Amino acid sequence: MPDNLHFKTVTDLQSLLAGGEISSVELCRELIDRKEAVDSKIQAFNSLDAENVLANAEASDQRRANGELRGPLDGIPIGLKDVIAVSGSPLTCSSRMLENFVPPYDATVSRKLKEAGAIPFGRLNMDEFAMGSSTENSAFNTTFNPWSSDRVAGGSSGGSAAAVSAGSVPVSLGSDTGGSIRQPASFCGVVGMKPTYGRVSRFGLVAYASSLDQIGPFGRSVADVAQVLQSIAGHDPKDSTSIEKAVPGYPEILQNPIGPWKLGVPKEYFEEGLDPEVKACIQKAIDWYADQGCEIQEIQMPNMDLAIAVYYIIATAEASSNLARYDGVRYSHRSEQSEDAIDLYFKSRAEGFGEEVKRRIILGTYVLSSGYYDAYYLRAQKIRTLIREDFMKAYESVDALLTPTSPFVSFRAGEKNEDPLAMYLSDIFTISANLAGIPGISVPCGFNSENLPIGLQILGKPFGESDLLAIANSFEQAHDFSSQHPDL
Amino acid sequence: MNKDSIDIDYVARLARIDLSEKERRLFSSQLEGILEYFKKLDQVDVSSVEPMAHAFQVENVLREDESVKGFDPETAVKHAAAKRNQMVQVPKVVEG
């Protein structure tokens, strides 16, 4: 069997499978062993049903032997953030509230992946109900960064990023409400993409902030991310916000990219608060694009400074409404201490939710409450319009924007725990894409002096995923950052 | 109305969450800091701006009124902490 199977890309694995050099069962066994060997240190997984994985792998090998492959991802394991439903598999959202919940149905993305022959591989850790930027808010474990085990993996999809980075699984899915795919991808040195709002069905994704949430892929190469996006994108009658628009062939676009591109650099992203090493690294990437003949334009995003405040009003307002469903009655945690039916709500929610979730529900309830609605929620919705207009104006003159994904590299566990506002500010560069509904990708673009990964964020036009993948791929092909792996 | 203060007990009641004394104190001070940060939005003139609830125009989506297969009753109530005769059991809500 080839060496270092656990760090192979999906593209490599596909040719090994096609050439008969490995079977899906052998691949999955290797990854189960890898997970056993490294995950006690990283804690990326909430659970892994090895028996089920191997049964699915065997079925895939059988299909291959019979010439009945379902698609290019047949036999490829994929990790799923523990917020996406897979029928019969635990779905905890890293919360005590759903600790024993096993959904009786598949999320649309899970169904599509299964129909493509991909193998769901483990439930990946996250901040509770996707609320957080470090995966320290999980009710079960903190996920640590494979590049430095005293640092965080980022969040909220920290498990999805860390598992791919650590070589426990080649690709995974996460969800991104304010940067929860791109920021952990940046911290862990992998590729992560948030598609346009409406590109991927949210059916079966546990809701946090419904007007912002979007599912997207992680991988160790842009090509792998393109393949996974291909299999999950498209309209779904079960999600009324998914959009009926043809899905282009993403992997094919990488074969025939249409460059050079006009790229915008928003100057507001390079001002105070940006780590000097991150800044230098992003500047180097921008210079590289210029050297390839891309036209670089300075862009103004005058409302960018308001995005965090707007986000934490809108997201918590939507969360306070979405999380009202966890009342202890039908399927979530039920308190055994309650005195009556109303008390059951109060106590079940007090016992089931962790601190950050409570904080956001309280904040969201407050901004929606009588007397404050206009001052906070309505005002935030109006400024959301202005933020979107900033992007649309920028896209009149450029194809995409280049920015840092995060103002800094991965921080130490515990460093921002005591100060929620400091933690919220770490999302400053990713959050406005969710407010505007546009797609974004984070691609590894270097390391700092402590050998910690830095991510370049590329933000695109609505439904401009093809451009983003091509722009990111051209950079990746000319550098070797994506092929470097942590030493575990 | 004073935008700076937050009546934590009132909001917790609206949100149907019992907060411990420690959480009450912690959230009160943290949320006041966060609301202070939100004040930066007050500088923006939004008098002629339309609010945005979604990135794209959302329209009502209807499907044909045809029955589709759903969960059977056992599956639907499987995760309720208490159940009886395929129904979710809750504490008494009406006296009598």
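If you're wondering where the values come from, they're calculated on a predicted model, not measured in any experiment. Chain letters run A, B, ... following the sequence lines, proteins first and then strands; every chain starts at 1.
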**Q** Please look at Leu31(B) and chain A and tell me whether the side chain, the backbone, both or neither of the residue comes under 4.5 angstrom of a heavy atom of that chain.
**A**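 Answer is side chain: those atoms of Leu31(B) sit under 4.5 Å from chain A.
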**Q** Within a 6.0 Å radius of atom CD on Glu418(A), are there more than 12 heavy atoms belonging to other residues, nucleotides or ligands?
**A**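 It does not: Glu418(A) CD has 12 such atoms or fewer within range.
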**Q** Tell me, side chain or backbone of Arg388(A) under 4.5 Å from chain B's heavy atoms, or both, or neither?
**A**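 For Arg388(A), the contact with chain B is made by the side chain alone.
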**Q** Might you point out which heavy atoms bring Tyr37(B) and Ile308(A) nearest each other, and give the distance in Å?
**A**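 The answer is OH-CB, 3.6 Å.
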**Q** Could you look at Val88(B) and say if it's the side chain, the backbone, both or neither that has a heavy atom under 4.5 Å from chain A?
**A**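 Looking at Val88(B), just its side chain touches chain A.
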**Q** Taking atom CD of Glu271(A) as the centre, report whether more than 12 heavy atoms of other residues, nucleotides or ligands fall under 6.0 Å from it.
**A**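 More than 12 within 6.0 Å, yes.
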**Q** Count the heavy-atom pairs under 4.5 Å between each of Asp305(A), Asn303(A), Leu212(A), Ile438(A) and chain B, then report the option with the highest count.
**A**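 So the answer, after comparing Asp305(A), Asn303(A), Leu212(A), Ile438(A), is Asp305(A).
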**Q** So which heavy atom on Asp18(B) is nearest to which on Ala350(A), and how close?
**A**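 In this case the closest contact between Asp18(B) and Ala350(A) is O-CB, 3.2 Å.
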**Q** Decide yes or no for Leu363(A) and Ile6(B): does some side-chain heavy atom of the first lie under 4.5 Å from some side-chain heavy atom of the second?
**A**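 Of all side-chain heavy-atom pairs linking Ile6(B) with Leu363(A), none is under 4.5 Å.
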**Q** Just wondering, are more than 12 heavy atoms of other shown residues or ligands nearer than 6.0 Å to NZ in Lys238(A)?
**A**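 Atom NZ in Lys238(A) is not crowded, with 12 or fewer foreign heavy atoms closer than 6.0 Å.
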**Q** Quick check on Phe203(A): does its CZ atom have over 12 non-hydrogen neighbours (other residues, nucleotides or ligands) under 6.0 Å away?
**A**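 Yes.
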**Q** To the nearest 0.5 Å, tell me how far Phe38(B) CZ sits from Leu306(A) CG.
**A**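 Those atoms lie 12.0 Å apart.
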**Q** Over all heavy atoms of both residues, which pair between Ala12(B) and Phe346(A) is shortest? Give the atoms and the distance, please.
**A**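 Of all heavy-atom pairs spanning Ala12(B) and Phe346(A), the closest is O-CE2, 3.9 Å.
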**Q** With a 4.5 angstrom heavy-atom cut-off, which part of Ile387(A) approaches chain B: side chain, backbone, both or neither?
**A**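 Ile387(A) has no heavy atom closer than 4.5 Å to chain B.
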**Q** Heavy-atom distance under 4.5 Å to chain A: side chain of Ala76(B), backbone, both or neither?
**A**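 Neither; nothing under 4.5 Å.
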**Q** Just so I understand: if I count every heavy-atom pair under 4.5 Å between each of Ile361(A), Ile383(A), Leu386(A) and chain B, which residue has the most?
**A**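 Top count of heavy-atom pairs under 4.5 Å with chain B: Ile383(A).
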**Q** Determine yes or no for a side-chain-to-main-chain donor-acceptor pair under 3.5 angstrom, with Arg359(A) supplying the side chain and Leu26(B) the backbone.
**A**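 Checking the backbone N and O of Leu26(B) against the side chain of Arg359(A), no donor-acceptor pair under 3.5 Å is found.
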**Q** Looking at Val44(B), Leu19(B), Val90(B), Val93(B), which one has more heavy-atom pairs under 4.5 Å with chain A than the rest?
**A**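 Heavy-atom pair counts peak at Val44(B).
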**Q** Is the ring centre of Tyr366(A) less than 6.0 Å from the ring centre of Phe27(B)?
**A**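 Ring centroids of Tyr366(A) and Phe27(B) are no less than 6.0 Å from each other.
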**Q** So for Tyr312(A), is it side chain, backbone, both, or neither that comes closer than 4.5 Å to the heavy atoms of chain B?
**A**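 The answer is both parts of Tyr312(A).
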**Q** Which atoms of Asp327(A) are under 4.5 Å from chain B, going by heavy atoms: the side chain, the backbone, both sets, or neither?
**A**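 For Asp327(A), there is no contact with chain B at all, as no heavy atom is under 4.5 Å.
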**Q** Could you tell me which portion of Gln214(A) (side chain, backbone, both or neither) has an atom closer than 4.5 angstrom to a non-hydrogen atom of chain B?
**A**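 Contact with chain B involves no heavy atom of Gln214(A) at all.
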**Q** What part of Thr196(A) is in contact with chain B, defined as an atom under 4.5 angstrom from a non-hydrogen atom: side chain, backbone, both or neither?
**A**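 The side chain, not the backbone.
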**Q** Using every non-hydrogen atom in the two residues, find where Ile243(A) and Phe56(B) come nearest and quote the distance to one decimal.
**A**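 Between these two residues, the closest heavy atoms are CD1-CD1, 3.7 Å.
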**Q** About how many Å separate OG of Ser20(B) and CD of Glu355(A), when rounded to the nearest 0.5 Å?
**A**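 It is 9.0 Å, given to the nearest 0.5 Å.
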**Q** Looking at OH of Tyr331(A) and NZ of Lys78(B), how far apart are the two atoms once the value is rounded to the nearest 0.5 Å?
**A**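 Answer for the OH-NZ pair, Tyr331(A) versus Lys78(B), is 15.0 Å.
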**Q** Counting only N and O atoms by type, is there a donor-acceptor contact under 3.5 Å from the side chain of Thr385(A) to the main-chain atoms of Glu50(B)?
**A**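 Pair found, side chain donor or acceptor close to backbone of Glu50(B).
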**Q** Side chain, backbone, both or neither: which part of Glu351(A) has a heavy atom under 4.5 Å from chain B?
**A**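 Contact with chain B: none, neither part.
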**Q** What part of Val61(B) is in contact with chain A, defined as an atom under 4.5 angstrom from a non-hydrogen atom: side chain, backbone, both or neither?
**A**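 Just its side chain gets close to chain A.
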**Q** Count the heavy-atom pairs under 4.5 Å between each of His79(B), Lys40(B), Gln30(B), Arg63(B) and chain A, then report the option with the highest count.
**A**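 Going by pairs under 4.5 Å, I would pick His79(B).
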**Q** Quick one: which of Pro462(A), Gly437(A), Pro420(A) has the most heavy-atom pairs under 4.5 Å with chain B, could you say?
**A**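 Ranked by contacts with chain B, first place is Pro420(A).
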**Q** Under 4.5 Å, counting heavy-atom pairs only, tell me which of Pro51(B), Pro91(B), Ala55(B), Ala80(B) racks up the most with chain A.
**A**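 Heavy-atom pairs under 4.5 Å are most numerous for Pro51(B).
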**Q** If you tally heavy-atom pairs under 4.5 Å against chain B, which of Arg349(A), Glu336(A), Glu339(A) wins?
**A**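 The option with the most such pairs is Arg349(A).
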**Q** Nearest 0.5 Å, please: how far is CG in Leu41(B) from CD1 in Ile313(A)?
**A**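 So the CD1 of Ile313(A) and the CG of Leu41(B) are separated by 5.0 Å.
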**Q** What part of Thr241(A) gets within 4.5 angstrom of chain B, counting heavy atoms only: side chain, backbone, both, or neither?
**A**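 For Thr241(A), the contact with chain B is made by the side chain alone.
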**Q** Calculate, to the nearest 0.5 Å, the distance between atoms CD1 and CD1 belonging to Ile8(B) and Ile362(A) respectively.
**A**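 Result: 5.5 Å between the selected atoms.
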